[in-house]
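These numbers come from the heavy atoms of this one structure, side chains and all, not from hydrogens, waters or symmetry mates. For ligands, and for the atoms within them, numbers begin at 1 and follow the listed sequence.
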Amino acid sequence: MTTQVINTEHQAENGCRLGAKLIQAGELVAFPTETVYGLGANGLDSDAVNKLYEAKGRPADNPLILHVSKKSDVKQLWYDVPQRAKQLMDAFWPGPLTLIYQKSDIVPYKTTAGLNTVAVRMPDHKTALTLIRACGLPIAAPSANISGRPSPTTAAHVLEDMNGRIPLILDGGPCRVGLESTVLNLASKVPTILRPGGVTHEMLSNIIGDVEIAKSVLSPVEEAESVASPGMKYKHYAPDAQVIVVTGDILEGAKRISRMYNIARVQGKSCAILTTAQTKSYFKGKITLEIGDMNKPETLCANLFSAFRQLSGKVDIIFTQSLPTDNEGLAYMNRLLRAAGFETVKA
Ligand code: TXA
Ligand code: MG
């Protein structure tokens, strides 16, 4: 199969019309959202959803998110719409927040991987919304990467993974947020963040009060938890390189990284350091990639996956430093720690 790429940055209509035709016919189409690129299929069609799992090599027990183009679409997908969901949709949709609640009968178990709940979100991206509207269907869309690789934040990343596997990629330019949406479970007694993202714990608590953070967000998932949060048990977001995260004081951490870098070089290993506006000056003469400003964690989020892809397979070790886990720092550290297999080095 040849994979066509259509730019939708300036004119979304034509590409989306073709995309909608393909999705209605049970095919797969990759499209941009504000978080990462998604690989879309008709979310109400088990056969189409099956193709998604195949194209990504995704484990069959990991459920999908349904993407809608307006808030009222949740009515047909959920058993009912709880008050908390209404408040959150009003505050954050369209935007990087996925809500999980009891599914209705029209949602196939293939989409929810056998669960009685379904995840829904309304993306904040013109191409995505135009495509969903043109389909007239909820679009099931996991991130458009091969399972286990970093999520794609440009159409070129999608092509790297999906060339020859899908008929169409809609290219809407680089994704603004860069990490996947916040996943909030509203089917549990206390709403629980299963995956942190651009809509932060602080923002959610502001609207609905008590919100828990699943333990698996910052530590390896335990067997008992994997039922509520199937996506968290897989090694995710990992580049083809060892990732070493140094925690603690910034200056001490930079010194520690420099020492480890020099030792690794003597051992014949190739290394790179992910740096920030605050730390780049500590690493003169070393191979570095600056990914943002530590005082604006959203800039680091936006560039992390792209940096992973750039260095994947090119170096043996990627060194970087941790961020505090408040606000967007929680999403950033969730992805970084998973890429590092949850091992950190104290400065
Ligand atoms: O930003 C995003 O959410 C992107 C874009 C394309 O919208 N999509 C995305 O999908 O990241 P995916 O499939 O890569 O991640 C979906 C996550 C997985 O961790 C999955 O386990 C979880 O959501 N999930 C989906 N439905 C669930 C459910 N019913 N219960 C618990 N977790 C669920
Ligand atoms: Mg994914």
So if I count the atoms of ligand 1 from 1 in the order they appear, which ones are less than 4.0 Å from some heavy atom of [X]?
X	result
S143	8 (N), 9 (C), 10 (O), 12 (P), 14 (O)
A119	25 (C), 26 (N)
H67	5 (C), 6 (C), 7 (O)
N62	18 (C), 20 (C), 21 (O)
L115	28 (C), 29 (N), 30 (N)
L64	25 (C), 26 (N)
R121	1 (O), 2 (C), 3 (O), 5 (C), 7 (O)
G38	6 (C)

Any chance you could measure [X], atom [atom1], to [Y], atom [atom2], to the nearest 0.5 Å?
X	Y	atom1	atom2	result
I146	R58	CD1	CZ	12.5 Å
D171	N7	CG	CG	5.0 Å
K269	M260	NZ	CE	12.0 Å
I318	C271	CD1	SG	10.0 Å

Of the side chain and backbone of [X], name the one, both, or neither that has a heavy atom under 4.0 Å from an atom of ligand 1.
X	result
T117	both
A141	backbone
L194	side chain
R58	side chain

Between R309 and T154, a side-chain donor and acceptor under 3.5 Å: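 The criterion, which ignores hydrogens and geometry beyond distance, is not satisfied for T154 and R309.
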Polar side chain donor-acceptor pair, S181 to R195, under 3.5 angstrom: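 S181 vs R195: donor-acceptor pair found between side chains.
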Per atom 32 (N) of ligand 1, closest listed option by heavy atom (T98, T111, I100, I139): I100
Heavy-atom proximity to atom 10 (O) of ligand 1, best of G114, P142, P96: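 Residue with the shortest heavy-atom distance to the ligand atom: P142.
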Ligand 1 N/O within reach of E180 N/O, cut-off under 3.5 Å: no
Ligand 1 N/O within reach of S181 N/O, cut-off under 3.5 Å: yes
Neighbour count >12 (heavy atoms, 6.0 Å) for atom CZ, F283: yes
More than 12 heavy atoms from other groups under 6.0 Å of CG on D105: no
Donor-acceptor pair, side chain of S46 and main chain of K110, under 3.5 angstrom: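 Side chain of S46 to backbone of K110, a donor-acceptor pair under 3.5 Å: no, none is there.
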Check: P63 main-chain N/O paired with T112 side-chain donor or acceptor under 3.5 Å: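 Here the side-chain-to-backbone pair does not exist.
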Contacts of type ring pair (Phe, Tyr, Trp, His ring centres under 6.0 Å), residue W78, not counting sequence neighbours: Y101
Metal site the Mg ion (ligand 2): N/O/S of S147 inside 2.8 Å: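 Checking S147: none of its N, O or S atoms is under 2.8 Å.
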